[in-house]
Amino acid sequence: MSNPSPSLDQIEQIARDTVADLPAAFAAAAAEVALRVLDLPDAAMLADLDLDDPMGLTGLYEGVPMTEKSVSYPAPWPDTVWLFRQPILAELATRDGVTLEELVAHITIHEFAHHFGWSDDDIATIDRWWE
């Protein structure tokens with residue numbers, strides 16, 4: 001008997017548990033970010049990133065990083081971290097020894113790091129996951 005694929009709700013719960021475990025210094029800022037899980041990124045997201053393949057995007061931060069926010073530039077919508085179930089599951093299938101919980105936590109932390117003002121290059125200096 002095969003295991004059913006995790007649901008959107010299960011992936012969201014792993015991500016919410018990850019956010020709940022952030023150090024106190026980051027918890028308040030993280031609480032201001034909406035967290036959403038979809039099966040795949042939509043066409044507008046892909047177009048904004050100049051991507052053709054929806055399976056190549058496991059997560060996305062949409063918003064204004066904390067390092068760029070000001071009271072004179074209010075955001076018209078809340079900052080959002082998006083996770084994409086099908087690309088996450090496809091990547092998981094290529095990673096021996098990595099659990100779903102580990103992968104979702106990793107992607108969640110990566111996207112929240114963008115909210116805190118870190119670039120992909122900044123994240124890469126301390127995160128060796130992708131090597």
(Q) Donor-acceptor pair, distance only, cut-off 3.5 Å: does the side chain of Thr99 make one with the backbone of Gly97? (A)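 No, the answer is negative, given that no donor and acceptor are paired below the 3.5 Å cut-off.
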**Q.** Any side-chain donor near an acceptor of the partner, Asp17 and Gln13, under 3.5 Å
**A.**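 Yes, because at least one side-chain N or O of Asp17 sits under 3.5 Å from a partner of the opposite role on Gln13.
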Q) Hey, is CG on Asp52 packed in by over 12 heavy atoms from elsewhere, all under 6.0 Å? A)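 No, because the 6.0 Å sphere around CG of Asp52 holds 12 heavy atoms or fewer from other groups.
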ILVMFWY network linking [X] to [Y], side-chain heavy atoms under 4.5 angstrom:
X: Phe26; Y: Tyr61; answer: yes
X: Leu83; Y: Val33; answer: yes
X: Leu92; Y: Val37; answer: yes
X: Val19; Y: Leu100; answer: yes

Q.
Is the shortest side-chain heavy-atom distance between Met45 and Leu60 below 4.5 Å?
A.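 Yes, at least one pair of side-chain atoms sits under 4.5 Å.
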Q: Flag the pair Leu40 / Pro54 as yes when at least one side-chain heavy-atom distance between them is below 4.5 Å, and no otherwise.
A: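 A side-chain contact exists here, since the closest heavy-atom pair is under 4.5 Å.
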To check you understand the geometry: which heavy-atom pair defines the closest contact between [X] and [Y], and what is its length?
X: Ala90; Y: Met55; answer: CB-CE, 3.5 Å
X: Asp39; Y: Pro87; answer: O-CD, 3.4 Å
X: Leu103; Y: Ile88; answer: CD2-O, 3.4 Å
X: Leu22; Y: Ala30; answer: CD1-CB, 3.6 Å
X: Ala15; Y: Thr108; answer: CB-OG1, 3.4 Å

When rounded to the nearest 0.5 angstrom, what distance separates [atom1] in [X] from [atom2] in [Y]?
X: Ile11; Y: Leu89; atom1: CD1; atom2: CG; answer: 5.0 Å
X: Asp79; Y: Leu35; atom1: CG; atom2: CG; answer: 12.5 Å
X: Phe84; Y: Glu91; atom1: CZ; atom2: CD; answer: 13.5 Å
X: Leu38; Y: Arg85; atom1: CG; atom2: CZ; answer: 11.5 Å
X: Glu62; Y: Trp82; atom1: CD; atom2: CH2; answer: 6.5 Å
X: Ser5; Y: Gln86; atom1: OG; atom2: CD; answer: 9.0 Å

Q | Intermediate values then yes/no, side-chain hydrogen bond (donor to acceptor under 3.5 Å, both in side chains), His110 and His106 | A | CA-CA 6 Å; His110 180 99; His106 173 78; 5.0 Å; no
